[in-house]
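These notes are about the structure you will find just below.
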There are 2 protein chains.
Amino acid sequence: MEDKIEIFKALSDKSRLLILDMLSCGELCACDIIKGLDLTQPTISHHMKILKSSGLVNGHKKGKWMIYSINEEVVNEVLDFIKHITTYKEECICNRVKKNSCCDK
Amino acid sequence: MEDKIEIFKALSDKSRLLILDMLSCGELCACDIIKGLDLTQPTISHHMKILKSSGLVNGHKKGKWMIYSINEEVVNEVLDFIKHITTYKEECICNRVKKNSCCDK
DNA sequence: CCATTATATTAGTATATATGAATATTAGAA
DNA sequence: TTCTAATATTCATATATACTAATATAATGG
C-alpha cells in the first residue's frame, strides 16, 4: 500500500500530470519536457525524480540525455488498486466494524 | 484537472485509503469508521472532509449520525483520467515539444 | 429546558513538499 | 585536457498537510 501512496503523491501535482501527458505519446528527453513546461531545469529534475521513484516513469541515460517514458505496468497496477479498494470484497475491515455498530444506518 | 489533483491528494494518505476500503462494502457512519482506525475523532473528521470535498465520498446526515459512502461515479472518472493522460492521443503537448527536439532519442 | 451523544471546527505544532538560485556532475566535442 | 551542454544536487524559503487538545455545534432523549 505504501508504494501506491507514493504513486498518488506523484500524481498530486499539476506539473507532473502534464509531464505524464507529454510522455503518453512516447519517450522524451528531459530537455523536451523542460520546453513544454514553464519551470526551471532543477524543478523539472526534481519532478522527474519523484515520478521515477514512484515507478510511474522509467528513465535511462543515452549519451548526455536522460530519456523518460511511462511505465505502463505500474499504471495498470494503480488502476487495479483503485478498483480493488473501492469495490465490494468479502474480506474487509468493514465487516469487523459493522458488527456492534452504533447506528443502524 | 485541478479536481483530479484534489482526488489524488485525497488518495495520498494511508488512513484515507483504509477508509475507502472500509466503505467499499457499503455505507458506514463516522462512528464505525473511527472504530476501524487508531485515530482520534477530530482526525477522522478531517479526513472525511477531505474525502468529501474531493468528491470520492458522499455524506448525508441521518439523525445525529453522518453516513458516508463511496461515490462510484467519481471513482470511474479518476480511472478514466489516469487512462487518458497515460495513453496515446493525437492532440497533446508532446507533439509541440518533439519538433526541434534537442536529441533524437 | 438540560444532559448526552455524534460530529465538526479551531488553534497550535511538526513534518513534508514545491520552487528557484547556486553549484556539482556527467558526457560529448574541440 | 578544456569547453560546452544536459542533468542532478544542495540550500533556503514558502506553503500545505496531519495530528491532537480543546471547544463548538447539532440532534436526540429525559
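In what follows, every chain begins at residue 1, and chains take the letters A, B, ... in the order their sequences are listed.
Judged as a side-chain contact (heavy atoms from CB on, under 4.5 Å), and not counting sequence neighbours, the contacts of B:Ser69 are B:Glu27, B:Asn58. Residues passing the side chain to side chain donor-acceptor pair (under 3.5 Å) test with A:Ser12 are B:Ser12, sequence neighbours excluded. Remark: B:Thr43 pairs with B:Thr40 by the side chain to side chain donor-acceptor pair (under 3.5 Å) rule, at least two apart or across chains. Remark: A:Ser24 engages B:Lys89 in a side chain to side chain donor-acceptor pair (under 3.5 Å) (not counting sequence neighbours). For A:Glu73, there are no side chain to side chain donor-acceptor pair (under 3.5 Å) partners, not counting sequence neighbours.
At whole-Å resolution of the value, NZ in B:Lys62 and P in D:dT28 are 12 Å apart. Here D:dA18 presents its P atom at 12 Å from CG of B:Leu17, a figure rounded to the nearest Å. Atom-to-atom, CG of A:Leu37 to C1' of C:dG20 comes out at 15 Å; the value is rounded to the nearest Å. When the P atom of D:dT17 is taken as reference, atom CG of B:Leu51 falls 14 Å away, rounded to whole Å. Atom CG of B:Leu39 and atom P of C:dA8 are 15 Å apart (whole Å). Here the P atom of nucleotide D:dA16 and the CG atom of A:Asp13 are 13 Å apart, to the nearest Å. Regarding B:Asp38, its CG atom lies at a distance of 11 Å from the P atom of D:dC19, rounded to whole Å. Rounded to whole Å, atom C1' of C:dA16 lies 12 Å from atom NZ of B:Lys9.
Taking for each of A:Gly63 and A:Ser12 the nucleotide of DNA chain C with the nearest heavy atom, the 5'-most of the two is the partner of A:Ser12.
At the phosphate of C:dT19, OP1 or OP2 sits under 4.0 Å from a side-chain N or O atom of A:His47.
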Inset, instruction - Indicate for each nucleotide in nucleotides 2-14 of chain D, in 5' to 3' sequence, whether protein heavy atoms under 4.0 Å reach the base (B), only the sugar-phosphate (S), or nothing (-). - result: ---SSBBB-----
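Across all their heavy atoms, A:Leu51 and A:Arg16 have their closest contact at CG-CD, 3.9 Å.
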